[in-house]
Structures are given as structure tokens and as C-alpha cells.
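Below: one structure, written as C-alpha cells.
The model shown is predicted, which means the values in this text are computed figures rather than measured ones.
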Amino acid sequence: MKKQKKVKPGRLKRRENMMGYVFILPWLLGLLGLVLFPFAESFKYSLNRIIINPVLGRVMEFRGLENYRNIFLEDPDFLVQLQGYLAQTILAVPVIVAFALIIAILLNGKIRMRGFFRLIFFLPVIIASGPVMSQLMDQGAASIPMMNVSMITGFFADYLPKVIANAVSNVFSNIIMLLWYSGVQILIFLAALQKIDSSLYEAAKIDGGSGWECFWKITMPTIKPMVLLNAVYTIIFMSNTDTNSIINLISQRMFSTSASAGGYGYASAMAWCYSVVVTLLVIVMAALLVGRKDIYERRAKKYRREQKKQQKLAKKFRRRGERNARRNTKKASKAA
């Protein structure tokens, strides 16, 4: 059987490919200059002790993994802040994603002034950020005034470990701030809901399906990838806010003047440890939300595998029959 020659792309195709590279060139340059190069520099800093000298400038003293060892064995604050961050994030992410989904379903309904309400729910993303968020938190605008947070904290402190109890109390203390974080997630869910074919709901209602059944059988399977996307986005967003205690701790260590620990090298090592923890958290969240495939999809995949297996067997038998026919023809010609 002759091998097919590879057809080289024509001039127009090469030109289109070249224009594609031209369009992504700014992104590639930004990735190289603003992401990969700072990553490499940060990792190099984490292996050194950096001293800023007014005469010599930046002086680097190689220390290997000593900064990482000091973080886990000698730093009294990092592990405590890390435990609080993990507990609070694990509790806050489901709250934010669930609230965003509920609001998106309400905004997707046939109500008056939908555009205005969508603007209202997205407005905190633009306004409540940076110094504005800090001022609102200092004035107590991040919590519900009528909620007795101290009573809730005392109740959970009697039955839960201290780390989890503190995380629960922080969630209730900053419940309004957490809901302010859901603006982007609402838009993502809203876009996914608007792509669902309305005929699916109509057919389900004709068959006697309730609204609850339509939600679990139609809505949730359709927007499941968006749930994962919003969960990952929420984790990354909460891990990089100005109100994050670990981010503030890294900033403090960066400008520390201590001779034993502190400075840019120590802060870089701490940032790398924190980024690894956030990455592992994202992987665990993705593994939990991806889940198993639908039973009908598994059956269809199994059926396709069986079809391919039958086709291979039929092809094998056909070749064997052709080979036997050729042998019989040769024997007959020799006997004649």
C-alpha cells in the first residue's frame, strides 16, 4: 500500500497561519516577560539570602533550601495562617458558588429590569476592591449587623476544632464580603444558563417533570463544567486578595530586616510554598467536581468499543478467508 504524500500548505494557508502567530505574539511576549521570567527570578531568590546594600546594590548569598527549612521549622506564623486559609477557603468556596448559582437562576428568569439587577450584582466587583474593601471591612460593612457572630463562634468553638471554628466565624463575620466576590461567577453561570435549550425544559414538563427534577436532570449536568470553572476562579481570587492573611505575611517578611530570616529571598520561598498549596487545593477541588461520567455516556463508550472489536475480528476473518482462497487457487493451478 503506497504511503500518501504530505501535501504542503498553500501560500494562503501559510499566510493565515502566520497571521495567527502574529495575533498571539503579544500574549507570548507577556507570558515570557511577565510570567516565566519572574517565576525563574523568584525561584532563584528563594534559594538565596538577599541583602540590599546602598553601595553594592543587591547582594545575593546562596543558601540552598535553608529558607524553606526555616519556613516549616522556625516560622511560628506561616503554618498557623496556612491552616486558617485552607479551612476558610474550603468553607467559603461552596458558599460563594452556591450563592452565584442561585442569583444567576433568578436573573435568568422572566423578570422586569433584569439588566439593572445584573448590574447591581456585578457592581461590587468594580467598586469593592483594594483600599475600598479595606475601608468597608474596618467600618463593619462586611457582616450582617443583626447577626450575633460571637454567639455563633462560641457555639462552634464548643464542638469543633479551633481552626475550623475560627474559619466558620470568619465566614459569618465576612458573609457580605464573600457574597460581593460572586459577581464574576454570576455572569459565568448566567451565560451557561442562557445556552440551555428551552425545549429540554418543555419536554421535561410535558413528561411530568417538576422544577426540582428539571434542575437536577437538565440544569446541573449542563452547567457542571461552569461549576468547576467558578470553583477554581474563586480559589484563585481568594488566594490573591489584599485581605488574605498569608499575602500580608509574605509582604511583612519581604520588608523584614532580621538577619536570620526575612528579606526577598525568604519571602520568595514562602510565596513558592503558598503557590504549591494553592495548586494542590485547585487539583483536589477539580478532582472532586469532575466526578464520574454519566451512565449513558459510559454505556455508549462501551458499545463503541465493542463495535470496534467486532470490526477488527471481521477484518481478521476476511483477510484469513482471502488468504485461504489464494492458497486453494494456487493448489488447483498446480494440480492442473
Under the side-chain hydrogen bond (donor to acceptor under 3.5 Å, both in side chains) rule, what do Y303 and Q307 come out as? Steps first, then yes or no, please.
CA-CA 6 Å; Y303 176 72; Q307 275 191 329; 3.0 Å; yes

Could you go step by step and tell me if S46 and Y266 meet the side-chain hydrogen bond (donor to acceptor under 3.5 Å, both in side chains) rule?
CA-CA 6 Å; S46 67; Y266 189 81; over 6 Å; no

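Across M226 and A192, no two heavy atoms sit closer than the pair CG-CB, 3.4 Å. Closest approach of A92 to M238, counting heavy atoms only: CB-CE, 3.7 Å. Residues D75 and I71 approach most closely at CB-O, 3.3 Å, considering heavy atoms. The two residues L228 and L289 have their closest heavy-atom pair at CA-CD1, 3.8 Å. Contact record, L249 with Q81: CD2-CG, 4.1 Å, taken as the closest heavy-atom pair.
With contacts defined as side-chain heavy-atom distances shorter than 4.5 Å, the pair R327/N324 qualifies. With contacts defined as side-chain heavy-atom distances shorter than 4.5 Å, the pair Y68/C273 qualifies. Side-chain atoms of E41 and F37, non-hydrogen and from C-beta on, do get closer than 4.5 Å to each other. Counting heavy atoms from C-beta outward, T234 and V184 have side chains that stay 4.5 Å or more apart. Using a 4.5 Å heavy-atom cutoff, the side chains of W272 and F39 are in contact.
Applying the side chain to side chain contact (heavy atoms under 4.5 Å, CB included) criterion to N240, with sequence neighbours excluded, gives I236. Judged as a side chain to side chain contact (heavy atoms under 4.5 Å, CB included), and not counting sequence neighbours, the contacts of L200 are I196, D197, I218.
Judged by distance alone, the side chain of S239 and the main-chain N or O of I235 form a donor-acceptor pair under 3.5 Å. Between the side chain of N70 and the backbone N or O of E66, at least one donor-acceptor pair lies under 3.5 Å. Remark: side-chain polar atoms of N48 are paired, donor with acceptor, to backbone N or O of K44 under 3.5 angstrom.
Atom CD of residue E61 and atom CG of residue L47 lie 13.0 Å apart, to the nearest 0.5 angstrom.
Aromatic pair F78/Y274: centroids not less than 6.0 angstrom apart.
Comment: E74 engages R69 in a salt bridge, judged by a side-chain N to carboxylate O separation of less than 4.0 angstrom.
Heavy atoms of other residues, nucleotides or ligands lying less than 6.0 angstrom from CZ of R319 number 12 at most. Within a 6.0 Å radius of CZ in F62, more than 12 heavy atoms belonging to other residues, nucleotides or ligands are found.
Between F237 and Y233, the angle of the ring planes stays under 30°, which puts this pair in the parallel group of the 30/60° scheme.
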